[in-house]
Amino acid sequence: MKNIAIVEDEDAAAAVLTSYIEKYSATTGQSFNVVRFKSGREFIADYKQVYAVVFMDIQMPGLNGFDTAVALRKLDKTVSLVFITSLVQFAQKGYEVDAVSFLVKPVSYFDFSLKFGKALDIYVMNEERVLIVKYRGGMCRISTDKLMYVEIISHRLYYHLIDDVIEVTGVLSQVEKELGEYGFLRCNKCYLVNPKFVIGVKGSDVTVGNTVLQISRPRRATFLAELANRYAGSGDKK
(Lines give C-alpha, C1' and ligand atoms only; values in the text may rest on other atoms or scores of the structure.)
Protein backbone atom coordinates (compact mmCIF):
# COMPACT_ATOMS: atom_id res chain seq x y z
CA MET A 1 0.00 0.00 0.00
CA LYS A 2 1.33 3.44 -0.98
CA ASN A 3 0.72 6.59 1.05
CA ILE A 4 -0.68 9.58 -0.83
CA ALA A 5 -0.84 13.13 0.58
CA ILE A 6 -3.35 15.75 -0.52
CA VAL A 7 -2.44 19.30 0.52
CA GLU A 8 -5.57 21.28 -0.29
CA ASP A 9 -7.45 23.93 1.70
CA GLU A 10 -10.75 23.50 -0.21
CA ASP A 11 -12.86 20.59 1.05
CA ALA A 12 -14.66 20.07 -2.27
CA ALA A 13 -11.41 19.94 -4.27
CA ALA A 14 -9.85 17.53 -1.76
CA ALA A 15 -12.94 15.30 -1.96
CA VAL A 16 -12.68 15.15 -5.77
CA LEU A 17 -9.03 14.07 -5.61
CA THR A 18 -9.83 11.45 -2.97
CA SER A 19 -12.64 10.02 -5.11
CA TYR A 20 -10.32 9.90 -8.13
CA ILE A 21 -7.69 8.00 -6.12
CA GLU A 22 -10.35 5.52 -5.01
CA LYS A 23 -11.49 5.07 -8.63
CA TYR A 24 -7.88 4.59 -9.79
CA SER A 25 -7.40 2.01 -7.03
CA ALA A 26 -10.52 0.09 -8.10
CA THR A 27 -9.42 0.20 -11.76
CA THR A 28 -5.79 -0.85 -11.27
CA GLY A 29 -6.01 -3.04 -8.16
CA GLN A 30 -3.45 -0.92 -6.33
CA SER A 31 -4.00 0.05 -2.69
CA PHE A 32 -3.54 3.57 -1.36
CA ASN A 33 -3.73 5.26 2.01
CA VAL A 34 -4.81 8.88 1.54
CA VAL A 35 -3.96 11.60 4.08
CA ARG A 36 -5.39 15.09 3.60
CA PHE A 37 -3.78 18.28 4.94
CA LYS A 38 -5.68 21.57 4.97
CA SER A 39 -2.62 23.81 4.78
CA GLY A 40 1.02 23.82 3.79
CA ARG A 41 2.07 24.58 7.35
CA GLU A 42 0.15 21.58 8.68
CA PHE A 43 1.79 19.35 6.05
CA ILE A 44 5.35 20.50 6.73
CA ALA A 45 5.06 20.83 10.52
CA ASP A 46 5.52 17.12 11.20
CA TYR A 47 6.45 15.76 7.79
CA LYS A 48 7.07 12.02 7.57
CA GLN A 49 9.07 10.58 4.68
CA VAL A 50 6.46 7.96 3.89
CA TYR A 51 4.60 9.37 0.88
CA ALA A 52 4.80 8.14 -2.69
CA VAL A 53 2.89 11.06 -4.23
CA VAL A 54 1.95 14.50 -2.91
CA PHE A 55 -0.87 16.46 -4.56
CA MET A 56 -0.21 20.11 -3.73
CA ASP A 57 -2.59 23.01 -4.30
CA ILE A 58 -0.59 26.11 -5.24
CA GLN A 59 -3.04 28.81 -4.12
CA MET A 60 -3.48 28.34 -0.38
CA PRO A 61 -3.70 30.96 2.39
CA GLY A 62 -0.66 31.38 4.62
CA LEU A 63 2.09 29.20 3.20
CA ASN A 64 1.31 28.76 -0.49
CA GLY A 65 1.89 25.52 -2.36
CA PHE A 66 5.11 26.58 -4.01
CA ASP A 67 6.76 27.68 -0.75
CA THR A 68 5.50 24.47 0.88
CA ALA A 69 7.14 22.50 -1.91
CA VAL A 70 10.45 24.31 -1.36
CA ALA A 71 10.31 23.25 2.31
CA LEU A 72 9.34 19.71 1.27
CA ARG A 73 12.35 19.33 -1.02
CA LYS A 74 14.69 20.12 1.87
CA LEU A 75 13.37 16.97 3.56
CA ASP A 76 12.50 14.65 0.70
CA LYS A 77 13.87 14.77 -2.84
CA THR A 78 12.35 11.48 -4.02
CA VAL A 79 8.60 11.85 -3.40
CA SER A 80 6.60 12.58 -6.57
CA LEU A 81 5.05 16.04 -6.44
CA VAL A 82 1.99 17.01 -8.50
CA PHE A 83 0.75 20.59 -8.36
CA ILE A 84 -2.95 21.50 -8.49
CA THR A 85 -3.80 24.97 -9.80
CA SER A 86 -6.42 27.01 -11.58
CA LEU A 87 -3.79 29.15 -13.30
CA VAL A 88 -1.42 27.35 -15.67
CA GLN A 89 1.29 30.01 -15.43
CA PHE A 90 1.72 29.26 -11.71
CA ALA A 91 2.28 25.59 -12.43
CA GLN A 92 5.33 26.31 -14.57
CA LYS A 93 7.25 27.26 -11.41
CA GLY A 94 6.79 23.67 -10.27
CA TYR A 95 9.79 22.58 -12.27
CA GLU A 96 11.98 24.58 -9.91
CA VAL A 97 11.06 22.14 -7.15
CA ASP A 98 11.17 19.05 -9.38
CA ALA A 99 7.41 18.61 -9.70
CA VAL A 100 6.62 15.68 -11.98
CA SER A 101 3.44 17.27 -13.35
CA PHE A 102 0.50 19.57 -12.67
CA LEU A 103 -3.28 19.38 -12.88
CA VAL A 104 -5.51 22.31 -13.78
CA LYS A 105 -8.80 22.81 -11.94
CA PRO A 106 -11.43 21.61 -12.52
CA VAL A 107 -9.50 18.34 -12.66
CA SER A 108 -10.85 15.65 -15.00
CA TYR A 109 -10.43 11.99 -14.11
CA PHE A 110 -8.76 11.25 -17.45
CA ASP A 111 -6.04 13.84 -16.87
CA PHE A 112 -5.72 12.78 -13.24
CA SER A 113 -5.23 9.09 -14.08
CA LEU A 114 -2.46 9.88 -16.59
CA LYS A 115 -0.56 12.18 -14.21
CA PHE A 116 -1.07 9.91 -11.20
CA GLY A 117 0.25 6.89 -13.08
CA LYS A 118 3.30 8.86 -14.18
CA ALA A 119 3.93 10.10 -10.63
CA LEU A 120 3.74 6.55 -9.25
CA ASP A 121 6.16 5.24 -11.88
CA ILE A 122 8.69 7.98 -11.09
CA TYR A 123 8.39 7.29 -7.37
CA VAL A 124 9.06 3.58 -7.87
CA MET A 125 12.10 4.37 -10.00
CA ASN A 126 13.48 6.79 -7.39
CA GLU A 127 12.70 4.47 -4.48
CA GLU A 128 14.88 1.76 -5.98
CA ARG A 129 17.87 4.11 -5.74
CA VAL A 130 17.05 6.03 -2.58
CA LEU A 131 19.74 7.18 -0.17
CA ILE A 132 19.10 8.56 3.31
CA VAL A 133 21.44 11.43 4.17
CA LYS A 134 21.46 12.18 7.91
CA TYR A 135 22.48 15.49 9.39
CA ARG A 136 22.11 17.22 12.74
CA GLY A 137 18.44 17.56 13.56
CA GLY A 138 17.05 15.57 10.66
CA MET A 139 17.52 13.66 7.44
CA CYS A 140 16.81 13.93 3.72
CA ARG A 141 15.87 11.30 1.16
CA ILE A 142 17.62 11.67 -2.19
CA SER A 143 17.72 9.62 -5.38
CA THR A 144 21.17 8.51 -6.44
CA ASP A 145 20.06 9.16 -10.02
CA LYS A 146 20.14 12.88 -9.14
CA LEU A 147 23.44 12.78 -7.25
CA MET A 148 26.36 13.89 -9.45
CA TYR A 149 29.23 13.55 -6.99
CA VAL A 150 30.18 13.62 -3.32
CA GLU A 151 33.00 15.83 -2.09
CA ILE A 152 34.79 15.95 1.26
CA ILE A 153 36.44 19.07 2.66
CA SER A 154 37.78 19.13 6.23
CA HIS A 155 35.54 16.30 7.46
CA ARG A 156 32.47 17.87 5.83
CA LEU A 157 30.66 15.91 3.11
CA TYR A 158 28.98 17.78 0.26
CA TYR A 159 26.39 15.89 -1.77
CA HIS A 160 26.24 17.68 -5.13
CA LEU A 161 22.80 17.04 -6.59
CA ILE A 162 21.41 18.26 -9.89
CA ASP A 163 19.57 21.08 -8.14
CA ASP A 164 21.03 21.35 -4.65
CA VAL A 165 24.04 20.76 -2.39
CA ILE A 166 23.60 19.01 0.97
CA GLU A 167 26.32 19.49 3.59
CA VAL A 168 26.80 16.99 6.43
CA THR A 169 29.52 15.63 8.69
CA GLY A 170 30.89 12.27 7.64
CA VAL A 171 33.59 10.06 6.17
CA LEU A 172 33.91 9.56 2.42
CA SER A 173 35.05 5.94 2.76
CA GLN A 174 31.74 5.08 4.44
CA VAL A 175 29.78 6.83 1.71
CA GLU A 176 31.85 4.92 -0.85
CA LYS A 177 30.62 1.64 0.64
CA GLU A 178 27.01 2.81 0.43
CA LEU A 179 27.26 4.13 -3.13
CA GLY A 180 29.53 1.46 -4.58
CA GLU A 181 26.56 -0.74 -5.45
CA TYR A 182 25.12 2.13 -7.50
CA GLY A 183 28.27 2.43 -9.60
CA PHE A 184 29.87 5.48 -7.97
CA LEU A 185 33.65 5.71 -8.48
CA ARG A 186 36.47 7.33 -6.49
CA CYS A 187 38.67 9.52 -8.72
CA ASN A 188 40.81 10.79 -5.83
CA LYS A 189 40.70 11.03 -2.05
CA CYS A 190 38.27 13.97 -2.17
CA TYR A 191 35.66 12.94 -4.77
CA LEU A 192 33.22 10.12 -5.41
CA VAL A 193 31.55 10.53 -8.79
CA ASN A 194 28.45 9.18 -10.49
CA PRO A 195 29.56 7.88 -13.92
CA LYS A 196 26.14 8.76 -15.35
CA PHE A 197 27.14 12.43 -15.13
CA VAL A 198 30.67 12.08 -16.50
CA ILE A 199 30.86 14.17 -19.69
CA GLY A 200 34.48 13.42 -20.52
CA VAL A 201 38.01 12.79 -19.33
CA LYS A 202 41.06 14.77 -20.46
CA GLY A 203 44.44 14.20 -18.91
CA SER A 204 44.02 14.32 -15.14
CA ASP A 205 40.63 16.04 -15.35
CA VAL A 206 37.17 14.48 -15.34
CA THR A 207 34.17 16.64 -16.20
CA VAL A 208 31.11 15.78 -14.10
CA GLY A 209 28.12 17.81 -15.25
CA ASN A 210 29.53 21.34 -15.52
CA THR A 211 32.27 20.76 -12.94
CA VAL A 212 35.87 19.72 -13.61
CA LEU A 213 37.36 17.44 -10.93
CA GLN A 214 40.89 16.13 -10.53
CA ILE A 215 41.87 12.49 -11.01
CA SER A 216 44.80 11.55 -8.79
CA ARG A 217 47.76 9.85 -10.43
CA PRO A 218 47.60 6.69 -8.25
CA ARG A 219 43.88 6.22 -9.02
CA ARG A 220 43.87 7.20 -12.70
CA ALA A 221 44.34 3.75 -14.26
CA THR A 222 41.79 2.09 -11.99
CA PHE A 223 39.30 4.94 -12.37
CA LEU A 224 39.49 4.88 -16.18
CA ALA A 225 39.16 1.10 -16.27
CA GLU A 226 36.13 1.13 -13.97
CA LEU A 227 34.58 4.02 -15.90
CA ALA A 228 34.98 2.12 -19.18
CA ASN A 229 33.41 -0.90 -17.51
CA ARG A 230 30.39 1.20 -16.45
CA TYR A 231 30.00 2.56 -19.97
CA ALA A 232 30.02 -1.01 -21.25
CA GLY A 233 26.96 -1.64 -19.06
CA SER A 234 28.41 -3.96 -16.43
CA GLY A 235 28.71 -3.56 -12.67
CA ASP A 236 25.74 -1.17 -12.29
CA LYS A 237 22.88 -1.96 -9.93
CA LYS A 238 19.71 -2.97 -11.80
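Just so it is clear, the structure is predicted and the values come from calculations on it, not from any experiment.
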Would you name the heavy atoms of [X] and [Y] that are closest together and state the gap between them?
X    : Y    : result
L192 : R186 : CD1-N, 3.7 Å
S86  : V104 : O-CG1, 4.4 Å
P195 : L227 : CB-CD1, 3.7 Å
I4   : A52  : CD1-CB, 4.4 Å
I199 : G209 : CG1-O, 3.4 Å

| Do you know which of T18, V53, V35 makes side-chain contact (heavy atoms from CB on, under 4.5 Å) with I6? | T18
Rounded to the nearest 0.5 Å, how far does [atom2] of [Y] lie from [atom1] of [X]?
X    : Y    : atom1 : atom2 : answer
T144 : E178 : OG1   : CD    : 11.5 Å
M60  : R41  : CE    : CZ    : 10.5 Å
E226 : N229 : CD    : CG    : 8.0 Å
F197 : T211 : CZ    : OG1   : 11.5 Å
S101 : F116 : OG    : CZ    : 12.5 Å
C190 : E151 : SG    : CD    : 7.5 Å

Any sub-3.5 Å donor-acceptor pair from [X]'s side-chain atoms to [Y]'s backbone N or O?
X    : Y    : value
R73  : D98  : yes
S25  : I21  : no
R220 : C187 : no
K23  : S19  : no
E22  : L17  : no
N33  : N3   : no
S39  : E42  : yes

I'd like to check [X] versus [Y] (side-chain heavy atoms, cut-off strictly below 4.5 Å). Are they in contact?
X    : Y    : result
I166 : K77  : yes
N194 : V208 : no
Y47  : L72  : yes
I58  : I84  : no
K38  : V7   : no
L179 : L147 : yes
T68  : M56  : yes
N188 : I215 : no

Do [X] and [Y] sit in one hydrophobic cluster, given that two such residues count as connected whenever their side-chain heavy atoms are within less than 4.5 Å of each other, even indirectly?
X    : Y    : result
V34  : V16  : yes
L63  : F83  : no
L161 : Y182 : yes
Y191 : I162 : yes
V133 : V171 : no

Between [X] and [Y], does any side-chain donor sit less than 3.5 Å from a side-chain acceptor?
X    : Y    : value
T78  : D76  : yes
N64  : Q59  : no
S143 : R129 : no

| query | Can you list the steps and then say if D9 with R36 is a salt bridge (Lys or Arg N to Asp or Glu O under 4.0 Å)? | reply | CA-CA 9 Å; D9 62 306; R36 187 262 180 115; over 6 Å; no
| query | Going through the distances and angles, do L81 and F55 end up as a side-chain contact (heavy atoms from CB on, under 4.5 Å)? | reply | CA-CA 6 Å; L81 174 63; F55 290 99; over 6 Å; no
| Could you walk me through whether S204 and Q214 pass the side-chain contact (heavy atoms from CB on, under 4.5 Å) check? | CA-CA 6 Å; S204 60; Q214 292 293 308; 3.6 Å; yes
| request: Can you run down the ring pair (Phe, Tyr, Trp, His ring centres under 6.0 Å) pairs that involve residues 151-170, sequence neighbours left out, and say none if there aren't any? | output: Y149-H160
| Stepwise side-chain contact (heavy atoms from CB on, under 4.5 Å) check, L120 with F32 | CA-CA 11 Å; L120 290 170; F32 304 104; 3.8 Å; yes
| request: Please state whether the rings of Y51 and F37 are parallel, tilted or perpendicular, taking 30° and 60° as the class boundaries. | output: perpendicular
| message | Over 60° means perpendicular and under 30° means parallel, so tell me whether Y24 and F112 are parallel, tilted or perpendicular. | response | perpendicular
| task | Not counting sequence neighbours, list each pair that qualifies as a salt bridge (charged side-chain N to carboxylate O under 4.0 Å, His left out) and has a residue in residues 101-121. | result | E8-K105, E10-K105, D57-K105, D111-K115
| request: Report the C-alpha distance between L157 and V150 in whole Å, list the side-chain angles of each, state the deciding distance to 0.1 Å, and finish with yes or no for side-chain contact (heavy atoms from CB on, under 4.5 Å). | output: CA-CA 7 Å; L157 290 170; V150 183; 4.2 Å; yes
